[in-house]
Amino acid sequence: MERETAIPTAQRKTKLPVDHEYSDITDAELIPLVEENTSAFSELYERYYPRVFYYLLDRVKNRPDAEDLTSQTFLSAFASIRKLRRKESFGAWLFRIARNKANDFFRTQRKRQEIPTEYIEEIDAELFTGSDYKKEDIFMVREMVKRLSIKEAELLRLRLVAELTFFEISEVLGKSVNKIKKEYYKILRIISNEWKDRNGIK
């Protein structure tokens, strides 16, 4: 990726007022400040750490590895953030880095990517609102989710664990927003229909 057009010197040298709250400004506004104010990146770190960590934890199923990959993700982001051309896309760009770190981990460790099984509440909220799951229903849906392909599981993970918007997911996966939505709701429909069939619901 080519280096982003240099920020004018006067703008780069601008210091934030002492009482300025970083939390009051957007990601796109923070990024140009990182070079002169390292605490600006600390704010980005605080904003995204939980989502990146739990996304990676869901991928590798191991807390120490997830913590290590999360650190690698933010170190890589910090090292190359000045090359980010579309500052408003920081979130999607960060998760592309996290995704690549996880893929590298599996290639190195020669481990199979496990299918996530902890989406019951989120799936319920998306599709089964008011369904009042019984314990056996939860196990049933978990078994359905286990049978998803790795690509289908990754789409659910990015949406329900990483909490990315459809637009952000489209940037991470390199697909159109419409295609992402179509694939996502198709997965939910399949789960919903199978659940209804098993429960004799029409």
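Throughout, numbering of the chain's residues begins at 1 and tracks the sequence.
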K.L.:
Hey, does Arg159 have a side-chain heavy atom less than 4.5 Å from the side chain of Ile169?
P.N.:
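Heavy-atom side-chain distance check passes, below 4.5 Å.
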K.L.:
Does atom OH of Tyr54 have more than 12 heavy-atom neighbours from other groups under 6.0 Å away?
P.N.:
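Result for OH/Tyr54: open.
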K.L.:
I want to check a possible cation-pi pair here: Arg82 against Phe78, using under 6.0 Å from ring centre and within 45° of the ring axis as the test.
P.N.:
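Yes, Arg82 sits over the ring of Phe78.
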K.L.:
Give a yes or no on whether the backbone of Asp65 and the side-chain of Asn62 come within a donor-acceptor separation of less than 3.5 Å.
P.N.:
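Indeed, once roles are kept as given, a pair shorter than 3.5 Å links the two residues.
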K.L.:
Sequence neighbours excluded, which residues qualify as salt bridge (charged side-chain N to carboxylate O under 4.0 Å, His left out) partners of Glu183?
P.N.:
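So Glu183 forms a salt bridge (charged side-chain N to carboxylate O under 4.0 Å, His left out) with Lys175.
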K.L.:
Just how far is it from atom CD1 of Ile180 to atom CG of Leu173, taken to the nearest 0.5 Å?
P.N.:
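That separation rounds to 4.5 Å.
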K.L.:
For Phe95, run the ring pair (Phe, Tyr, Trp, His ring centres under 6.0 Å) check against Tyr55, Phe74, Phe90 and tell me which one passes.
P.N.:
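By the ring pair (Phe, Tyr, Trp, His ring centres under 6.0 Å) criterion, Phe95 pairs with just one of Tyr55, Phe74, Phe90: Tyr55.
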K.L.:
Measuring from atom OG of Ser192 to atom CD1 of Ile187, what distance do you get when rounded to the nearest 0.5 angstrom?
P.N.:
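Nearest 0.5 Å value for the OG-CD1 distance: 13.5 Å.
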K.L.:
Main chain of Glu171, side chain of Arg96: is a donor-acceptor contact present, judged purely on distance under 3.5 Å?
P.N.:
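A pair under 3.5 Å: yes.
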K.L.:
So which of Phe41, Tyr48, Tyr49 actually passes ring pair (Phe, Tyr, Trp, His ring centres under 6.0 Å) with Tyr45?
P.N.:
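Going through Phe41, Tyr48, Tyr49 one by one, the ring pair (Phe, Tyr, Trp, His ring centres under 6.0 Å) with Tyr45 is satisfied by Tyr49 alone.
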K.L.:
Is Arg157 salt-bridged to Glu154, cutoff N-O under 4.0 Å?
P.N.:
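Yes.
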K.L.:
Using atom types as modelled and distance alone, determine if a side-chain donor or acceptor of Ser80 lies under 3.5 Å from a backbone N or O of Lys83.
P.N.:
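Answer holds: no.
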K.L.:
Is any side-chain N of the basic residue among Arg107 and Asp104 closer than 4.0 Å to the acidic one's carboxylate O?
P.N.:
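Counted as a salt bridge, because a side-chain N and a carboxylate O are separated by less than 4.0 Å.
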K.L.:
Would you check if the side chain of Glu43 reaches a backbone N or O of Ala40 as a donor-acceptor pair within less than 3.5 Å?
P.N.:
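Judged by distance alone, no pair lies under 3.5 Å.
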K.L.:
Answer yes or no on whether Arg59 is positioned over the face of Phe105, meaning its NZ or CZ is under 6.0 Å from the six-membered ring centre and within 45° of the axis.
P.N.:
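No.
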K.L.:
One thing to verify: whether Lys87 and Glu29 come together as a salt bridge, which I'm taking to mean a side-chain N less than 4.0 angstrom from a carboxylate O.
P.N.:
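Salt bridge flag = no for Lys87 with Glu29.
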